[in-house]
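Below, chains carry the letters A, B, ... as their sequence lines are ordered, and counting in each starts from 1.
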Amino acid sequence: MQKTQTSTPSNRTTIIERLREAGILAILLLGAVVFSFAVPSFFSVDNAINGIGLSAAINTIVAIGLTYVIITGGIDLSVGSTAALSAVIGADLMQRGLPALLAVVVALAVGAVAGLINGLLVTRVQLAPFIVTLGTMTFYRGLALSYTNGQPILSLPDGYKHALGGSVLGLPIPLIAALLLVAAFTLILRYTKTGQYILAIGGNAEAVRLSGINTSRYITLTYVISGMLAAFAALVLIAQLGAAEPILGSGWELSAIAASVVGGTSLAGGKGNVVGALLGALLLSMLQNVLTLLGVQAFYQLLATGLIIIGAMVIDRYTRGN
Amino acid sequence: MQKTQTSTPSNRTTIIERLREAGILAILLLGAVVFSFAVPSFFSVDNAINGIGLSAAINTIVAIGLTYVIITGGIDLSVGSTAALSAVIGADLMQRGLPALLAVVVALAVGAVAGLINGLLVTRVQLAPFIVTLGTMTFYRGLALSYTNGQPILSLPDGYKHALGGSVLGLPIPLIAALLLVAAFTLILRYTKTGQYILAIGGNAEAVRLSGINTSRYITLTYVISGMLAAFAALVLIAQLGAAEPILGSGWELSAIAASVVGGTSLAGGKGNVVGALLGALLLSMLQNVLTLLGVQAFYQLLATGLIIIGAMVIDRYTRGN
Amino acid sequence: MTVLPVTELLSAQHINKSFSGVHVLKDVQFLLRAGEVHALLGENGAGKSTLLKTLFGIYIPDSGILAVGGQPVTMHSPKDAQTHGIAMIHQELALIPELSVAQNVLLGNEGREVLNYAQMEARVRPFLAQVGLNIAPNTPVKRLTIAQQQMVEIARAVARQARIIIMDEPTSSLTTHEIEQLYVVVRELTASGVGIIYVSHHFDEIEALADRVTVLRDGNYIGTVDQKDVTQDQLVTMMVGRELAAQGTFVERTPGAVRLDVRGLNRNGVFEDISLQVHAGEVVTLAGLIGAGRTEVLRAIYGADPITSGQIELDGQPVPRPSPAVMMLRGVGFIAEDRRQQGIVPDAKVSVNMMLTSWAKGLVSVREADMRRSVEPQMQALGIRPANPNQTIRRLSGGNQQKVILGRWLAAGCGVLLIDEPTRGIDVASKADIYTLVDELARQGVAVLMVSSELPEVLRLSDRILVMREGRLAGELSRAQASEERILALATGAQTHAKDSNVHAV
Amino acid sequence: QPFSPDTEKSRIESSQLSAKFGPVPKAAAGVQMGGVMKALSNEYWQLLRTGYLKGAEKYGAKVDAQAPSNESDQIGQLSMMNTMIGKGYKALLVSPQSDVNLLPGIERAGKTSLVINVNDAVAPTAQHFVGNSQYDNGVSVANYLLKTFPKGGQFAVIEGQAGVYAAKQRTLGFKTTLAKNSAMKIVASVPADWDRQKAFSTARDLLRRYPDLTAFYCNNDTMALGVVEAVKSANRLGKTLVFGTDGINAAYDSIKKGELTGTVDSFPILTGEVAVEVAVRLLGGQALPRVVATPQALVMKSNMTQYEQFRK
Ligand SMILES: Nc1ncnc2c1ncn2[C@@H]1O[C@H](COP(=O)(O)OP(=O)(O)OP(=O)(O)O)[C@@H](O)[C@H]1O
Ligand SMILES: Nc1ncnc2c1ncn2[C@@H]1O[C@H](COP(=O)(O)OP(=O)(O)OP(=O)(O)O)[C@@H](O)[C@H]1O
Ligand SMILES: [Mg+2]
Ligand SMILES: [Mg+2]
């Protein structure tokens, strides 16, 4: 979060940004090549899609929302709890016989409202995003647990499970959804006023306000997006797991922030991209996948995970910085 | 982390700071009074010391270090793992017969080195503090687990246990240690060059660097302090517990960050105070204590905790506002 | 001038504004007419920016009446001001570094939700051309020099197509060349009926542009006069409340030994082959146009940016790995051109901001009493107001902030002083003080290397002038040779082939 | 020599209590007990709590059972215990989050209230322990597999949180027992932190690498249910067996549906009841052995009905 003065000369941010993404992409590919030789059964379309891709999908969806929030200079710790709350409400409604589509809409609305509350506390009451979402992280979790009395909801309609948990043309639907969302939110960030304002707010909120723009509205919007995407990720996850439990999603905030930051989003705000979040999520999933395939012992998994995260960032830093 | 333009007029920062602290202090006292009437057995020396004091003490010690790191605009997620690593190494050395004092020194040195690694990765390699300490959080935990092979270390020398775990004049030593550290680090922040530079770096690192200050050194120092204090907190804790285990300290980062931020430290850097961290830790411990005394069930505890954290910050916000 | 019907665009009456009991605007009035340039004059801290901010809805006045086009209005936010046709160029730059020039110019004004970059860039191009900015509209603003950023701000105000444009020190980081360009823009705007409120500490600008002048002193309204009816001295008297001694002239100095010796400094793509020497007791200036690379050279000498090759010697001793910390300890001081990003620690006190370097040198402790002994004389010498070392620096006026940064190095003391735009945003009265200060430093044997875009200032202070063009040294002018025309000629390259025999080309 | 209930000599099966020590004495009127739970986010702990309340009703005591808000709030749990000691509860039924985090509480309580360590993590200074043998959890699954696949096979363990007593013991029991037949290969033993989602994706990765996997042994039921979904999506249902641990309701439902193969049920409700019974007996002055072992059994579709009685 230290603001470092870069005085590298260049004309177009986009080129740098692309190189930046290319940096992680390079690490991803490098990793893939190395692992293909080192790890049996790593190198296969199936493992790439169903092993790494699918497990990265959930994290990616959450990380998109977090990237938006972080770009404005905020943070959302409540994503996991929001996910759980939306999931149990959605699942409960399905169990009670509401059509799946309607239940999905309600679950997304729950996510949106959870995000809205975060956003309003940040913009209207002007509390620090960290504290607000730390508070709601606890609160929403409590709601999810009280709602189900701590029990998981087990019987989801098969139609629903197939719709969101299935696959199309060999690609799992969660992965397709994640990719579509990445594309959509990349376009929004780059090619709409809203996206531009979100970036601008992170760069210099005061200047944006002086331009006559209602910054509160856009900041709030990012929390709503984050809440809805967390809800959507939860819906995708429960379709796969076949059960919704109120403790779902714990630790999501950390993985999603990690994916975002590994992907080049700055926690200081003003800078970030959604494709990076996807690449970050893929990198983290690949790591997990390899460690599992290698059957690395629990303690050494921790050692390896830590080393590789930092190692990847160091490589990224030096390829980027010249 | 949004930089909000406060046009609150005032002449002396110190007055504002004091009011700021007073805000939480007021909330603390208000809470204490209300609870004394509402909650049987809340108001007792024993409860204050054993129910609230100990957990607040550990959290305070960790939060002091985090406050320093956060003031520079950084973050340290690795405190819990650093604590575990130092604790198991220190305990192991004692078990092997090293004099307790020497083992303590080694444990503190382990904490310092762990912090130094964080600091160097942040300043020399210029990685984002979040990612660095996310990586080392995992890595140090892996080290602690491998070191003990996952086993707790049970037999600590009695002398050690009494020295750090006992009490003086009815006050438990951990509490005394926490208070002394709060005093010391408050003084350092206010009345030393180092403290002033740490604050200034959080305000505008580039300006400080261009003033001819080696900002990297001071930033690194904050991570070393954070690591050492985490190690010290762990030493205090294991003296209390009479045993050290490698899974100790998980979740410490979140409680400590929460204590810091509730106490008025800004995650954007440049602003913060150690007394606030103490008050924040006390507030959080008191909350937990009261909910237990009231026999509130876990789910509702979550609801209440979330509500009260946000409520306290809202009250704080509005009392501070004019 | 032909007689036009006088239309009132914007008026303010009986404006009062206090910050925590400090009365900053006291019953101030102001009236802007269509098609006029109305200059607002006053010393640093007189309340100019505060008045302008109330006219733009950033501050809400404690009392008073605002009217636009004769209709009373209340403005609660910049948005309100914009709906009343007001645009503002802020004293402190308000651009978004990560966004492109086009995006910044059109911010809040983009039109449809889906952005069409090609169209946005096309829309912006004429405005960039109008302000004489020859850069691609898709360049990110963070890649621009401060001066270029300033021109982007001006383009932005023009692009708003407002009826009223407020300019708070728009020229403080511009060189003569761009200032001329700004004149053209301003004249075009006023010709079409736009009213402009103009704040500057440069009287030549006031003379060239202003129709009327309003003067503030200590938050009081002093008066409004027709510019052509008054002399500069009269204006200064209105501002300062007393007659002011002249700014002084260049005093001959006898430079001593070489203190700073720079040889073959290179930084790929930014500057090339810079060699220069500064002697003890000498003031050397780097002159040039925007983007000539002066700032970059100064920063590189101070070790703030990396270099690709070259060598720096101080008092005959090489500096193997220059960095700000190393240079500071070896007696080099540096004042950056971008006060907000690189100068002040905004939320810290004035005393802290001033003492940063002195602490590192071990000259003062952080004890308040000790600091006060060091800070107060500087505050007095520099005329910093309010004279309260415990004030948060963010709440000081721009000029006063600049003085605090100067004070930082004066308090710490140094053998070599590198200053980028020493009097940015500083009022006439204080400017004279600062010139005297630089003279005094030189007399004490300090080697001063400065970057300045104000030619009169360059001529007032320099023993020698090095002119840069496109990252290279284009020539050197001695005191005797120097004139504004020659500096400009070298800076623009207009006479490179004419081989003026008086000019020693490098 | 740390206390290990799994190997402790001074022990008795809970079913033998009445035979050995006679009927449960009457609890003093209004006697208050405190339950310091590990967390309430897992059904297992909720069931244990249900058992406490049932036991309390049965034996005429009052139980105030609480849990910290998450499974890794070790100091919070200690404060909670301290708070309860301060309230003057006569007996504390504690399930520590780690082996050591409640030690000071146990020491402090020693003078005023009775402490009974109920399940999972083991406080080495605990004078009374009620619970099942974690080690045997793994043993019973391994024994079943040894019997069912005498020709050998490939097995994977999904472990709980690294470094936690229950996870260590269950895994150890499983591995040690399975090693009796060298044809039984443990191809992977990886942690999934008690988390359904992690277990799911870990299992999917493992199934891709070892498509012919014979069985998964999971350290708890939540993870086992995640693994079941992975097995289903790999079309291995019925071919790759999945075993869990704990015996939560959801596991029973899954077994009934023919998805989960089996779970080592340690009968949390019964355990809770026994814990209260032990407390009442101890308060009534009976000198029970240090460890009161509660029953556990590998429950599968075939033998399910015979355990229903312990589940109410
Ligand atoms: N961060 C940067 N990235 C890319 N190019 C830069 C950067 N900073 C400056 N430049 C370029 O380097 C050249 C020199 O800029 P510099 O700021 O040194 O000019 P200057 O002579 O000091 O002008 P000014 O009057 O604006 O201070 C310019 O062409 C500018 O566009
Ligand atoms: N937010 C604030 N809080 C407290 N005092 C303030 C604030 N803003 C301005 N002031 C004070 O009001 C006075 C007028 O400041 P202002 O910025 O209007 O001066 P100015 O005339 O624009 O000076 P300059 O020429 O240096 O830009 C100064 O004394 C300043 O310290
Ligand atoms: Mg001003
Ligand atoms: Mg410059």
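Between A:Gln240 and D:Lys232, the closest side-chain pair of non-hydrogen atoms is not below 4.5 Å.
Only the side chain of A:Leu154 comes within less than 4.5 Å of a heavy atom in chain D; its backbone stays farther off. For D:Ser233, no part lies under 4.5 angstrom from a heavy atom of chain A. In this structure, chain D has a heavy atom under 4.5 Å from the side chain of A:Glu245, while its backbone stays farther away. With a 4.5 Å cut-off on non-hydrogen atoms, A:Pro152 touches chain D through its side chain but not through its backbone. Of the two parts of A:Ile58, only the side chain, counted from C-beta on, holds a non-hydrogen atom closer than 4.5 Å to a non-hydrogen atom of chain D.
In terms of heavy-atom pairs under 4.5 Å with chain A, the best-connected choice from D:Ser201, D:Pro191, D:Ala188 is D:Pro191.
For residues 250-259 of chain D, a heavy-atom distance under 4.5 Å to chain A picks out D:Ala250, D:Asp253, given by residue number.
Atom CG of residue D:Asp205 and atom CG of residue A:Asn289 lie 4.0 Å apart, to the nearest 0.5 angstrom. For the atom pair CG (A:Leu294) and CZ (D:Arg209), the distance works out to 6.5 Å, reported to the nearest 0.5 Å. From A:Leu241, atom CG reaches atom OG1 of D:Thr222 across 11.5 Å, with rounding to the nearest 0.5 Å.
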As a quick check of understanding, evaluate side-chain contact (heavy atoms from CB on, under 4.5 Å) for A:Gln288 and D:Lys198, giving each step before the final call.
CA-CA 10 Å; A:Gln288 191 61 52; D:Lys198 276 187 194 150; over 6 Å; no
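Closest approach of D:Arg196 to A:Ala243, counting heavy atoms only: NH1-CB, 3.4 Å.
Among residues at least two apart or in separate chains, side-chain hydrogen bond (donor to acceptor under 3.5 Å, both in side chains) pairs with a member in residues 246-255 of chain A are A:Trp252-D:Gln197.
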